Amino acid sequence: MEFNRLLSSAISAYGEPNLDNNNHKKKDIIEKIKPIDNKNYKLIKYVNEIDEWMKEAEEFGEIAVDTETDSLNPHEANLVGISLSTKIGKACYIPIGHKSKKCLNKKEVLNKIKPFLEDQSIKKIGQNIKFDFIVFYKNGINLNSMEDTMLMSYVLDAGKNRHNMDTLSEIHLNHKTIKFKDLVGTGKKEINFSEVDIDKAKDYAAEDADITYRLYKKFFKSLKSEKLTNIYETFEKPLIKILAFMEIEGIKVDHKFLKSLSLKFGKKIEKIQKEIFNISKKEFNIASPKQLGEIIYNDLKITDLKKTKKGSFATSASVLEDLAFKGHDFAKLVLDWRQLSKLKNTYSDSLPAHLNLDTKRVHTSFLLAATSTGRLASSDPNLQNIPIKTEDGRDIRKAFIAEKDNLLISADYNQIEMRILADLADVKELKKAFKNNEDIHSLTASQIFGVDIKKVNKDQRRKAKAINFGIIYGISQYGLAKQINVSNYEAEEFLNSYFAKFPEIKIYMDNTIKFCRKSGYVNNIFGRRSHFSSINDKNYNIRNFQERAAINAPIQGSASEIMRLAMIRLDEKLNEQKSLKSKMLLQIHDELIFEVKKSEINKMKKIIKEEMISVANSNYHSFSIPLTVDINSGYNWGVLH
DNA sequence: CCGTTCACG
DNA sequence: ACGTACGTGAACGGG
């Protein structure tokens with residue numbers, strides 16, 4: 001991610017300086033800018049002072065809202081204050097959870113503002129308003145008619161910059177905000193927001209509402225002039241509430257089972273560690289690539305020196321796998337040690353720490369504005385990268401379970417990105433194959449190796465599969481050669497015959513890059529833009545990197561849009577049929593996880609499959625090929641595939 | 001706080 | 001001559 005941000009933050013094709021990459025220059029500019037005037041920021045001292053703001057909100061039909069809490073985790077955050085803005089430059093702060101005498105009664109304030117926060121006809125404008133929604137929901141308020149400046153920025157500028165308020169304020173308002181850290185301090189001296197001086201909290205919080213409102217006015221116009229309002233309305237806004245409820249619902253995790261896994265992994269790790277030290281003849285930190293490199297290249301001298309781009313010892317899995325293949329047990333042991341350490345540290349040890357004490361479930365956060373393509377991301381904890389590829393890994397998945405009398409359902413789109421490529425690039429042979437429900441990797445193999453589809457062997461299919469993946473990633477012969485362990489020459493031959501059989505794909509790639517060079521962005525099927533401002537960079541590596549990303553973005557991005565539509569439709573279906581108790585819990589890019597009452601299983605399977613497939617035909621696009629969905633149910637996530 | 005590594009799609 | 005597969009987030013080491 002950092003690498004990508006670095007590349008995309010170089011000077012753009014149009015010469016706009018990118019703020020991320022010019023830190024000292026940025027400071028010089030900002031220092032000269034006058035702060036947004038805060039003399040109209042009002043601290044609310046009596047509950048009936050809020051009337052004025054509610055009246056204006058009703059009159060204008062919109063109001064910027066921001067919550068202050070004592071935690072970044074909305075599922076355990078206490079409401080400390082609320083700021084409102086009804087006009088540019090006019091904002092107030094209502095303290096309700098401060099440890100101070102000036103603080104208002106929380107219940108009284110919430111009762112007062114609940115009706116207008118829930119009023120359908122008044123737009124509530126926020127920055128990352130999913131956070132505020134969850135906080136309000138936990139306080140008995142169901143926010144609706146939400147607008148989100150973070151998502152507006154994301155639709156306008158995905159790939160250009162991050163979409164947090166500090167960044168947006170600097171870029172669009174030339175204003176450097178008061179930093180959260182300035183209020184609460186850092187490290188040991190860090191205090192809780194509820195302990196922050198109320199007047200300081202007022203300046204900070206009211207400014208946030210003011211800035212949010214200013215950004216909204218600006219982005220509203222930009223979306224219109226860029227003809228992107230529809231993307232924001234259709235693919236972003238509906239997801240706010242859907243994801244909020246998925247996060248609130250959470251998923252049940254068997255922490256006792258995880259503890260037993262940690263013990264098991266720990267024992268294995270210790271055993272392997274001893275074997276490693278037996279070979280190295282001394283103890284060292286296996287987790288340190290620096291120390292591991294010393295052992296491999298200086299002490300044991302297993303192989304010729306290999307270094308990373310930055311000049312440190314190369315100890316990545318691909319290097320170690322190569323050594324293991326050549327018969328070096330040491331490399332194999334390190335690989336096993338790494339895998340088990342990863343599973344223990346990142347999953348079996350850490351997931352229990354994320355259990356919510358009240359709900360006894362794990363509540364992830366889905367990020368709507370993190371990727372350049374339209375995909376979601378997940379954090380705290382990331383539930384989109386739970387292991388599956390090895391047996392030990394799959395055990396982690398088995399810790400995700402359903403409540404009593406329930407089962408989990410998983411539903412995943414089959415080969416969705418290849419299907420999109422076929423549709424997007426209008427690839428005749430691929431379209432035909434998908435319509436006939438053929439095995440796409442075998443078909444590819446038969447085409448490039450010139451054998452009958454029934455006579456394709458395993459190795460040919462494996463190579464063809466790697467090529468299909470490579471195509472989606474914006475392939476190079478060098479990358480393909482490395483991936484499937486063939487010579488550059490062979491890889492080039494494969495690609496030549498691939499493009500000869502599927503000429504439309506080459507045309508798509510060339511056209512996409514051409515369009516991006518001229519415009520600085522690419523569109524996916526549904527009209528979302530991803531920006532690649534360094535696609536004309538004079539540096540070969542930066543330029544090529546952006547070209548591959550530009551080829552990939554419409555494919556990955558269109559798939560994510562299909563999933564967004566499916567989630568919206570499924571949410572509608574579940575709300576429509578009030579008797580259904582089933583809940584959508586997780587999205588893992590091409591897969592959805594539901595928790596379902598056993599009595600509803602068959603009905604739900606039918607609904608999920610139907611809705612996911614029917615997205616192929618919507619108001620926004622009609623696919624020339626069918627979508628297919630694999631669906632499974634079981635007591636835990638590990639048995640679903 | 002950055003670089004490396006590795007978990008997923 | 002060059003030397004990377006696309007998109008993420010988390011943990012760790014080391015300065």
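In what follows, chains carry the letters A, B, and so on, assigned in the order in which the sequence lines appear, proteins first and then strands, with residues in each chain numbered from 1. Model, not experiment: these values are computed from the prediction.
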With a 4.0 Å cutoff (strictly under), does any side-chain N or O of A:Arg375 reach OP1 or OP2 of C:dG7? no

What is the distance, rounded to the nearest whole Å, between atom CG of A:Leu292 and atom C1' of B:dG3? 16 Å

Please state how far atom CZ in A:Phe313 lies from atom P in B:dT5, giving the value in whole angstrom units. 12 Å

P atom, C:dA5 versus B:dT4: distance in rounded Å? 13 Å

Classify A:Ile588 by what it touches in the nucleic acid, base, sugar-phosphate, or nothing, heavy-atom distance under 4.0 Å. sugar-phosphate

What contact category does A:Ile388 fall into here, base, sugar-phosphate, or nothing, at under 4.0 angstrom with non-hydrogen atoms? sugar-phosphate

NZ/NE/NH1/NH2 to OD/OE distance under 4.0 Å, A:Glu270 and A:Lys274: no

Rounding to a whole Å, what distance do you find between A:Asp590:CG and C:dC6:C1'? 14 Å

Closest to the A:Asn382 side chain, choosing from C:dA10, B:dT5, C:dA5: C:dA10

Listed by chain and number, what are the side-chain hydrogen bond (donor to acceptor under 3.5 Å, both in side chains) partners of A:Glu595, not counting sequence neighbours? A:Arg361

Answer with base, sugar-phosphate or nothing: what part of the nucleic acid does A:Glu417 contact at a heavy-atom distance below 4.0 Å? nothing

Whom does B:dC2 pair with, Watson-Crick or G-U wobble, provided both distances fall under 3.5 Å? C:dG13

Please pick, from B:dA7, C:dA11, B:dT4, the nucleotide with the shortest atom-to-atom distance to any side-chain atom of A:Lys342. B:dA7

Out of B:dT4, B:dG9, C:dG14, which nucleotide sits closest to the side chain of A:Ser288? C:dG14

Indicate, with a heavy-atom threshold strictly under 4.0 Å, whether A:Ser350 touches base, sugar-phosphate, or nothing. sugar-phosphate

Rounding to the closest angstrom, what is the interatomic distance between B:dT5 and C:dC2 at atom C1'? 25 Å

Rounded distance in Å - CD1 (A:Ile386) to C1' (C:dT8): 14 Å

In terms of side-chain heavy atoms of A:Asp380, which of C:dT4, C:dA10, B:dA7 is nearest? C:dA10

Does A:Met509 reach the side chain of A:Ile505, with side-chain heavy atoms less than 4.5 Å apart? yes

Within the 4.0 Å heavy-atom criterion, would you say A:Gly474 contacts the bases, only the backbone, or no part of the nucleic acid? nothing

For the side chain of A:Ala317, counting heavy atoms from C-beta on, which of C:dA10, C:dG9, B:dC6 is nearest? B:dC6

Options C:dG7, B:dC8, B:dG3, nucleotide nearest the side-chain atoms of A:Lys310: B:dG3

If we call it a pair only when both distances are under 3.5 Å in a Watson-Crick or G-U wobble match, what pairs with C:dC2? none

Taking atom P of C:dT4 as reference, at what distance in whole Å does atom CG of A:Asn544 sit? 11 Å

Does the distance from a Lys or Arg side-chain N to an Asp or Glu carboxylate O, for A:Glu190 and A:Lys181, drop under 4.0 Å? no

To the nearest angstrom, how far is A:Ile484 atom CD1 from C:dT4 atom C1'? 15 Å

Given C:dC2, C:dT8, B:dT4, which nucleotide is nearest the side-chain atoms of A:Tyr540? C:dC2

Are the charged groups of A:Lys268 and A:Asp392 less than 4.0 angstrom apart, N to O? yes

Checking contacts here: which listed nucleotide (B:dC6, C:dG9, C:dT4) is nearest the side-chain heavy atoms of A:Ser316? B:dC6

Please determine if a side-chain N or O atom of A:Ser372 lies less than 4.0 Å away from the OP1 or OP2 oxygen of C:dT8. yes

From CD1 of A:Ile269 over to C1' of B:dC6, roughly how many Å is that when rounded to an integer? 14 Å

